[in-house]
Each structure stands twice: as C-alpha cells, then as structure tokens.
Amino acid sequence: MTKIRMNPIAELDGDEMTRILWRQIKEIVLAPYVDLNTEYYDLGLKKRDETDDAVTLEAAKAIKRLKVGVKCATITPNTARMTEYNLKRMYKSPNGTIRAYLDGTVFRTPIMAPGITPVIPTWTKPITVARHAYGDVYRAVEMKTQGKGKAEIVYTSEDGCETRLPIFDFDEDGIIQGMHNRLSSIESFARACFEYALSVNENLWFSAKDTISKVYDETFKQVFEKLYEAEYREKFEKRNLTYFYTLIDDAVARAVRSKGGFVWAMKNYDGDVLSDMISAAFGSLALMSSVLVSPDGCFEYEAAHGTVTRHYYRYLNGEKTSTNPMATLYAWTGALYKRGEIDQNTQLMDFSKKAEDAAMKTIRDGIVTGDMALLMKEKAEAVDSEAFLTEIAKRIRM
C-alpha cells in the first residue's frame, strides 16, 4: 500500500528503555503505514550535555514553529546521574524547559483499557488532570540560612520603589523558598482549561487553597471566575456543563466519590502529584496520555511516565523486557492525529484512531505486557514489548 504522507512534526527522542520503545513503535507500528516526516531532536542526556542543553530549547522552538511535537521520556539528572553520565552540570527538566517556553497547560487522561478496572470502582469514565505548567515550586529559588537572622520578600519596582514583607525571624539554622507566577500565564492556563473542557464536553473543576494562600491561590481563583463570567458561562450553560471552584481537599473527597468524566484543573505541583495518583488508580502511568497545549495553539504529546531505568539495565544485559509502550504509543498517535486535524489530512487521522483501536483489541484479546497482566481481571498472556507491538500492528486494518 502507498504510505500516508504528512507535514512535519517535531520529534524529541529520549532516554533509556523508553528510547528503545520509541524506535520499536516507529519501526513496527507506524512506519509500515505512514511516511513519517519529522524534525528530529535528540534529547537524550548525553546529547543535552554535549550541547549544554541548547538542544532542548531548539526542540521547544521547533514545536512552536511546526505546531505539533511528540516527546519521548527523558532523564532529569540528580547527583547520582551526574556521576553516572559524567555530566558538566545538573541540567533542569527538559519538560520544565519546554513548558516554560511554550507557556502551556498539561492535560493528562487515563487510557482505559479493557479488562482493567479502576481501583475506585465508581470511576467509570476517565478524569483528565489539567496541570498549570509554569512557575510555583518548579521555578522557585531557595536557600539555607545559618544562625540568627531575618528573612524578607523584597520587590523593587521599575521606578526603584521597594516593598518588603517579613517571612520569619530565625534564631537557628533554617531554609527559605521564594516562588512566583505571572498573571498572563495564569490567564492562559484558565482559558486553556475552559476551551479543553468544551472540546471534550465535560465539566470543569478548579481547586486550590485560597483560605491559606490568600494572595497567591486567591489570584488563580479570581482569574478563573472572571474569565468564566466574561466569556464562558453562556457557552457552558448551552452545553449543560458546569464550572466550579472548591478547595483542593474538598475536591479530592468529591473526586473519590464521583463517577469520573470531568476535567480537573490544578496548579503546577498539585497537578503533578494528583495526576500520578489518578493514573495509578486507573491502572498505571504507563496507561496515561499527556499533551501540553500552548495559548497560541501548539501541541506537544508525551508519555506521562519516566524512562523505565530498571528495564533498561536488563535490556543492556541482553534480556527481553515486557515494558508497557501504551503511553508512548498514544503520544505518537495523538501527535499524528493533531497533525492530520490541523492539515485536514483525514488519512492520517484515520490511521491514528485505527492504531489505538488495534491496541485496545490486542488487550481485549488477552495479549498484554507484564504490568497489565497483573491488573487484568481475566487471565492474560504477558509478552515482551516487541511482541506486544507486533500484535498491535497485525490488528491495524487500513
């Protein structure tokens, strides 16, 4: 058959076992049907070190220019990785760099696979976590203090005027942290959440802790409320959809009792933590799709999980591993579908959906990776990653 042609997307390769899965997905599932057209950027840790991390910014610029990108999982180095890879310095998270450049919102949705029941039995529909992808603790500055001293927040305006607020008077060693956000980024976050909820026809929740954080979190709350009243109330009501704000502790209690099927917007750290909880409750991080959406209409698809280091070391020893490729596969199908949607390339869109359908049929037929076999109610055959992808490819009907 003639391969499907496409306009380019930015391809961001990654690290360890997910890098192996990346190649296998392209070769086994995608390349037989699609003439893959990508601008390739190697975000493997060695390449980031060689380029002093310039490659990460180049990749972010490519996503902005091409409007669509797909990213493999990458290592964010700690002290142990510094030694292991003999790095020049401890580089920041590539995801954080890309999110900051695109000023986007991350939407993470569980992939509900047949035969795998959520830990919370009332959850019959997926819960999408909308995570603000700028600021807060991820761009914070922090320091240790020694002995007695006074810590303050100091803001100096452009005209030289200073505003000072005391933090704490120390009489012993301590630590302090300062974090920030931008009003424009919060507004972009709120707008992205309203638009996404409308696009999937689901209710929108936003949760924070304005009772404690009476300026920081209160500002988020006010931005959402103002935008909703000015632009989105009528649109939501026409669809019989609702938007509401509640404290994050109340939202957690409500979510546990819910049926799912809503978009849950959270600040950066809250979304980071609770998206992992939700993914585990629905199955695992390996069964969760993730897309970064920027205010100017750029989309970066990625797997929500890490680089699967333990399996990678086994792979290097010549072992076949049963690593779950579903989230990485869905990153590719999501990116290809969005490329097709932007370009009105119906063949590419159709292929993306058929590849996802083939993955679900493979699982329904009882052929899964080892982690999924442990989650299945019925007995299933656990195969290695390459065999699982081969079975998916067999079930694609074009």
Side-chain angles (χ1 to χ4, degrees), residues 11-26 29 43-45 48 56 69-78 80-81 92-99 104 106-113 116 118-119 126-131 133 138 266 268-292 299-315 321-335 356 359-360 363 368-376 382 384-386 388-389 392:
E11 177 187 349
L12 285 55
D13 209 344
D15 288 297
E16 298 189 321
M17 198 63 218
T18 46
R19 189 182 182 96
I20 307 304
L21 294 178
W22 193 259
R23 174 178 53 79
Q24 291 177 342
I25 288 168
K26 288 170 62 179
V29 180
L43 264 59
L45 191 50
R48 281 181 274 149
T56 304
V70 59
K71 180 183 173 296
C72 184
T74 47
I75 295 169
T76 300
N78 54 18
R81 295 294 202 174
K92 293 181 178 180
S93 161
N95 290 340
T97 299
I98 294 166
R99 289 167 189 163
V106 179
F107 295 93
R108 287 183 171 174
T109 307
I111 301 166
M112 297 193 73
I116 298 177
V119 172
I127 297 171
T128 296
V129 173
R131 173 187 170 191
Y138 300 88
M266 291 178 250
N268 208 343
Y269 179 75
D270 299 341
D272 190 2
V273 172
L274 285 174
S275 65
D276 279 20
M277 183 276 288
I278 287 171
S279 70
F282 274 97
S284 73
L285 274 173
L287 289 168
M288 195 165 204
S289 65
S290 181
V291 57
L292 176 73
F299 299 82
E300 183 228 32
Y301 295 81
E302 61 179 336
H305 58 73
T307 56
V308 202
T309 305
R310 181 170 54 88
H311 283 197
Y312 180 61
Y313 292 148
R314 287 169 53 191
Y315 173 83
T321 69
S322 190
T323 315
N324 190 338
M326 285 290 289
T328 305
L329 174 62
Y330 269 60
W332 270 104
T333 56
E356 292 179 3
M360 289 300 160
I363 297 170
V368 296
T369 51
D371 63 315
M372 285 192 280
L374 297 173
L375 298 169
M376 301 284 284
D384 63 73
S385 306
E386 189 171 354
F388 179 64
L389 290 169
I392 292 173

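Note that the coordinates shown come from a computational prediction; the quantities given were computed from them, not determined experimentally.
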Counting distance only, does the side-chain N/O of Asn324 pair as donor-acceptor with the main-chain N or O of Thr369 below 3.5 Å?
no
Whether the side chain of Thr109 engages the backbone of Thr128 through a donor-acceptor N/O pair (distance < 3.5 Å, no angle test) should be reported.
no
Taking side chain as C-beta onward, heavy atoms only, is Val106 less than 4.5 Å from Ser290?
yes
Is there a side-chain contact between Tyr330 and Met288, using heavy atoms and a 4.5 Å cut-off?
no
Gly334 and Tyr301 have their tightest heavy-atom pair at O-CZ, 3.4 Å
Over all heavy atoms of both residues, which pair between Met360 and Ala113 is shortest? Give the atoms and the distance, please.
SD-CA, 4.0 Å
Output the distance between atom CD1 (Ile127) and atom CD1 (Ile278), rounded to the nearest 0.5 Å.
5.0 Å
Apply side chain to side chain contact (heavy atoms under 4.5 Å, CB included) to residues Val291 and Glu300 and explain how you reach the verdict.
CA-CA 5 Å; Val291 57; Glu300 183 228 32; over 6 Å; no
What's the verdict on side chain to side chain contact (heavy atoms under 4.5 Å, CB included) for Leu329 and Ile392, showing C-alpha distance, side-chain angles and the deciding distance?
CA-CA 10 Å; Leu329 174 62; Ile392 292 173; 4.0 Å; yes
Between atom CG of Leu274 and atom CZ of Arg131, what is the distance when rounded to the nearest 0.5 Å?
11.0 Å
State whether the number of non-hydrogen atoms from other residues, nucleotides or ligands found under 6.0 Å of Lys92 atom NZ is greater than 12.
no
Tell me if the CZ atom of Arg23 is crowded by more than 12 foreign heavy atoms within 6.0 Å.
yes
side-chain hydrogen bond (donor to acceptor under 3.5 Å, both in side chains) for Thr97 and Arg48? Distances and angles first, verdict last.
CA-CA 12 Å; Thr97 299; Arg48 281 181 274 149; over 6 Å; no
Would you name the heavy atoms of Met112 and Pro126 that are closest together and state the gap between them?
SD-CD, 3.4 Å
Euclidean distance, Thr321 OG1 relative to Tyr312 OH, rounded to 0.5 Å:
12.0 Å
Shortest non-hydrogen contact from Gly14 to Cys72?
N-CB, 3.3 Å
Exercise: identify the closest heavy-atom pair between Ile111 and Ala327
CD1-CA, 4.3 Å
Side chains of Met372 and Ser322, heavy atoms from C-beta outward: is any pair under 4.5 Å?
no
Within this structure, what is the CG-CH2 distance for the pair Leu21 and Trp332, rounded to the nearest 0.5 Å?
13.0 Å
State, yes or no, whether a side-chain contact exists between Thr323 and Ile20 at a heavy-atom distance under 4.5 Å.
no
Look up atom OG1 in Thr328 and atom CD in Gln24, then write down how far apart they are to the nearest 0.5 Å.
10.5 Å
Do Lys71 and Asn95 have side chains that get closer than 4.5 Å, going by heavy atoms?
yes
Between Trp22 and Lys26, is there a side-chain heavy-atom distance shorter than 4.5 Å?
yes
Evaluate the side-chain proximity of Arg19 to Thr307: yes if any heavy-atom separation is below 4.5 Å, no if none is.
no
Side-chain contact, heavy-atom cut-off 4.5 Å: Glu302 with Ile98?
no
Kindly determine whether Tyr313 and Met17 satisfy side chain to side chain contact (heavy atoms under 4.5 Å, CB included), including the steps that lead there.
CA-CA 8 Å; Tyr313 292 148; Met17 198 63 218; over 6 Å; no
Straight-line distance of His305 NE2 to Leu287 CG, nearest 0.5 Å
9.0 Å
Tyr138 atom OH, neighbour heavy-atom count above 12 within 6.0 Å
yes
Looking only at heavy atoms, what is the nearest atom pair of Thr74 and Asp13, with distance?
CG2-O, 4.1 Å
